[in-house]
Amino acid sequence: MKPALFSVLCEIKEKTVLSIRGVQEEDPPDPQIMRLDNMLLAEGVSGPEKGGGSAAAAAAAAAAGGSPTDSSIEHSDYRAKLAQIRQIYHSELEKYEQACSEFTNHVMNLLREQSRTRPISPKEIERMVAIIHRKFSSIQMQLKQSTCEAVMILRSRFLDARRKRRNFNKQATEVLNEYFYSHLSNPYPSEEAKEELAKKCGITVSQVSNWFGNKRIRYKKNIGKFQEEANLYAVKTAVDAANVSAQASQANSPATPNSGGYPAPCYTPDGRL
DNA sequence: AGTAATGATTGAGG
DNA sequence: CCTCAATCATTACT
């Protein structure tokens, strides 16, 4: 008698209460969450663990060799930060999953308990579980979204070279300045000259271009400030020229090689014209 | 901390 | 494309 009454009551309830709540049961594969998933997978955040060892190796290699090829140190830095993000993501995800299953169990037990005194069908419990899962998955989506943001920020920081600026070494600036001041009348190196300078300085051609661009504009802007430097390099090249000509033949007095374009430097010790 | 130097980026313009 | 000019972001120096 009791089971029959139970099922009847359940049926009635099904037809009244639940139908009012509307039919929003369909659960399409949300394109938004798909996108987030794909991105996280692509960045290696949600994929299989593979960071630790190789990142450490890269860091060790970078630490051991103090050579100018420090793109590896940036790379390992990037990977370390990515690993950190991944770790946070996974621990949070685990936390959410645990909380979800805990809560689900709790609710299921409660409903089962109450199904002895109230008309609660297994179907209804199932539905309740689905609702809970939806709620929790929306929280997970937030987690995924914020993780994505963190990765994007990390990426932009990594890609923006301004944030990883290193000054060129002494010798490189020496070479560049030498060229600049010995071509003051026309400080526009040709493509080949740029390539040679790049090779000599251990930097890229575009870095050479950047350097000359900056140098020209900054020299022009405040010639006085560069007097000392200009004189220094003028003397240096003059001395070099003297040495070279001394080796060849002693009869040449070296002339200062620059005049025109920008005002030539003059030898005033205190830097005023 | 505050400031100067400095390499890189952006946008205008030829 | 390249250059200039302004600007950004970091590094070096005080």
Side-chain angles (χ1 to χ4, degrees), chain A residues 43 55 58-85 146-237 240 257-273:
Chain A
E43 290 313 320
S67 53
T69 55
D70 48 19
S71 105
S72 56
I73 201 166
E74 290 171 24
H75 205 73
S76 74
D77 200 31
Y78 173 74
R79 287 228 287 229
K81 295 220 167 87
L82 193 63
Q84 200 180 331
I85 290 174
S146 64
T147 304
C148 266
E149 266 170 40
V151 171
M152 301 269 263
I153 289 166
L154 177 63
R155 281 207 131 217
S156 74
R157 287 185 73 89
F158 182 67
L159 292 176
D160 189 352
R162 276 183 297 195
R163 306 196 187 250
K164 283 283 177 187
R165 189 174 68 73
R166 304 274 116 179
N167 288 359
F168 299 152
N169 61 41
K170 203 82 179 157
Q171 186 218 317
T173 54
E174 195 108 327
V175 169
L176 293 167
N177 273 317
E178 226 166 90
Y179 188 99
F180 181 78
Y181 286 112
S182 62
H183 297 72
L184 246 194
S185 57
N186 186 34
Y188 295 85
S190 64
E191 195 55 37
E192 302 124 43
K194 279 183 192 170
E195 273 170 36
E196 195 177 328
L197 285 168
K199 194 175 281 182
K200 260 198 254 186
C201 299
I203 60 180
T204 68
V205 172
S206 52
Q207 282 179 306
V208 173
S209 295
N210 285 340
W211 190 91
F212 273 88
N214 283 322
K215 191 71 181 180
R216 281 190 299 260
I217 194 74
R218 282 163 184 165
Y219 180 82
K220 190 177 76 174
K221 221 167 187 172
N222 191 350
I223 294 172
K225 192 174 283 179
F226 289 91
Q227 283 279 306
E228 209 177 327
E229 191 179 69
N231 293 338
L232 199 145
Y233 281 99
V235 168
K236 181 196 271 285
T237 55
D240 284 356
N258 42 24
S259 64
Y262 297 121
C266 55
Y267 297 85
T268 50
D270 62 343
R272 252 8 270 163
L273 281 166

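Residue numbers start from 1 in every chain, and the chains themselves are labelled A, B, ... in the order their sequence lines are given, proteins ahead of strands.
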Round to a whole Å and report the spacing from [atom1] of [X] to [atom2] of [N].
| X | N | atom1 | atom2 | result |
| --- | --- | --- | --- | --- |
| A/F212 | C/dA5 | CZ | P | 17 Å |
| A/E229 | B/dA4 | CD | C1' | 14 Å |
| A/R216 | B/dT6 | CZ | C1' | 16 Å |
| A/E174 | B/dT6 | CD | P | 13 Å |
| A/I217 | C/dA6 | CD1 | P | 7 Å |
| A/W211 | B/dT6 | CH2 | P | 10 Å |
| A/N210 | C/dA5 | CG | P | 16 Å |
| A/K194 | C/dC1 | NZ | P | 13 Å |

Supply the atom-to-atom distance [X] [atom1] to [Y] [atom2], rounded to the nearest 0.5 angstrom.
| X | Y | atom1 | atom2 | answer |
| --- | --- | --- | --- | --- |
| A/N231 | A/E228 | CG | CD | 8.0 Å |
| A/I203 | A/N210 | CD1 | CG | 9.0 Å |
| A/K220 | A/N222 | NZ | CG | 13.0 Å |
| A/E178 | A/L232 | CD | CG | 10.0 Å |

*Excluding sequence neighbours, so at least two apart, what forms salt bridge (charged side-chain N to carboxylate O under 4.0 Å, His left out) with A/E174?*
A/K236
OP1 or OP2 of [N] versus the side-chain N and O atoms of [X]: is any pair under 4.0 Å?
| X | N | value |
| --- | --- | --- |
| A/Q207 | B/dG7 | no |
| A/K225 | B/dA5 | yes |
| A/Y219 | C/dA5 | no |
| A/K215 | B/dT6 | no |

*asked:* Only Watson-Crick and G-U wobble pairs with both distances less than 3.5 Å should count. Give DNA chain C in dot-bracket notation, marking inter-strand partners with |.
replied: ||||||||||||||
_Qualifying residues under side chain to side chain donor-acceptor pair (under 3.5 Å), relative to A/K215, sequence neighbours excluded_ = A/N177, A/E229
*asked:* Could you work out, with side chain to side chain donor-acceptor pair (under 3.5 Å) as the rule, every residue matching A/R165, not counting sequence neighbours?
replied: A/N167
*Measure the acute angle between the ring planes of A/F212 and A/Y179, then classify it against the limits of 30° and 60° as parallel, tilted or perpendicular.*
perpendicular
*Between A/P189 and A/N214, name the one whose nearest nucleotide on DNA chain C is closer to the 5' end.*
A/P189
*Determine the contact category for A/F168: base if any of its heavy atoms lies under 4.0 Å from a base atom, sugar-phosphate if only primed atoms, P, OP1 or OP2 are that close, otherwise nothing.*
sugar-phosphate
*Can you check each nucleotide of nucleotides 8-14 of chain C against protein heavy atoms at under 4.0 Å and return B for base, S for sugar-phosphate only, - for none, in 5' to 3' order?*
BBBSS--
*Quick one: list whatever passes ring-ring contact (aromatic ring centres under 6.0 Å, His included) with A/Y233, sequence neighbours left out.*
A/Y181
